[in-house]
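To start, the structure itself, in structure tokens.
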Amino acid sequence: MISVLVNAEERRIKEGTTLERLLTDLGKAHSGIAVAMDGEVVSRADWPSKELGQGARVEILTAVQGG
Amino acid sequence: MVEQHGTNGSEDPLVIAGHKLSSRLIMGTGGSGNLSVLERALAASGTELTTVAMRRADAEGGSGVLDLLRRMDIELLPNTAGCRSAAEAVLTARLAREALGTSWVKLEVHADDRTLLPDPHETLDAAEQLVGDGFTVFAYTNDDPVLAMRLEEAGCAAVMPLGSPIGTGLGIRNPHNIELIVARAEVPIILDAGIGTASDAALAMELGCDAVLLSSAVTRAQDPERMAAAMRSAVHAGRLARHAGRIPQRFWAEASSPPR
């Protein structure tokens, strides 16, 4: 197991987990979201191949009301 | 022949980066606590473009506001509100492009929470990076004519000076600066932030702004739908007045009736 930060919350996941797997498990693999890993945007097409490493920082964002 | 400015939206479009909008009022979605109230206000405003913010997807996920805007066929202008540095704003804009499929962005970099004033250095830095990365940048800025010019030179598609700080409803505190910005600009100037009531929106247009962007003035009014309609009329009236050629201001009276 490794530990990663998802939206600033620590999570323990299996080594070799892909971004696609993580998002699916979190119920967030839907349209209207975008993901950054370690400060870089990871496009949707790259989710299945992007593996998370120990200490990876993942940010999952969506649009909300705002001026 | 009188120019057809503002007599009919479709004859006087706002053109930004080659894209035509028939409404010169851009109403944001911020500040509304109720999606059905927001829907009625957006409809009453006539806006064709609206702002959204990017935030961490919470446990519930989903974003009701996106469904609403898609249903209403209103285009999205994601903002970078809450960002404190150019780096944060650039990343947020890239995430918005990925999430929403638009390269339009309302760039805002705030210096602090009390004033929410734009940080000029970080804003200009982010604008240069985003333009270089293919974004259509709407830059929220102070009412500083020099900075407005720099943002235009950096390639921003629209420059958006504030009338006064976000959410204050203090109106346009330095009308002369807004006129100076308009006088030199070659890109659309959109008065953004500080609008309190309809006369503020009309004044922005009378000063020569190409459009007005507001949220709180409508969403936090007691009757948002009615205020949205007032803002729509005010923007239209101000646009007409701007091109009608107002009378000069005089110190002494000048009778309009013939002498007895």
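The figures that follow rest on heavy atoms only: side chains count, while hydrogens, waters and symmetry mates do not. Quick note on labels: first sequence line is chain A, next is B, and so on, each numbered from 1.
- R94(B) and D133(B) make their closest contact through NE-OD2, 2.8 Å (heavy atoms, listed as atom of the first residue, atom of the second, distance).
- Shown here for A201(B) and V235(B), the closest heavy-atom pair between the two residues is CB-CG2, 4.1 Å.
- The heavy-atom pair separating M72(B) from A43(B) by the smallest distance is CE-N, 3.7 Å.
- Residue contact with chain A, scored on non-hydrogen atoms closer than 4.5 Å, is absent for I166(B).
- Heavy atoms closer than 4.5 Å to chain A are found in both the backbone and the side chain of L95(B).
- With a 4.5 Å cut-off on non-hydrogen atoms, L69(B) does not touch chain A at all.
- Applying the 6.0 Å contact sphere to NE2 of H121(B) captures no more than 12 heavy atoms from other residues, nucleotides or ligands.
- E108(B) touches chain A through its side chain: at least one heavy atom from C-beta onward sits under 4.5 Å away, while N, CA, C and O do not.
- For the pair T219(B) (side chain) and S215(B) (backbone), a donor-acceptor distance under 3.5 Å is present.
- Using a 4.5 Å cut-off between heavy atoms, S32(B) contacts chain A through both its backbone and its side chain.
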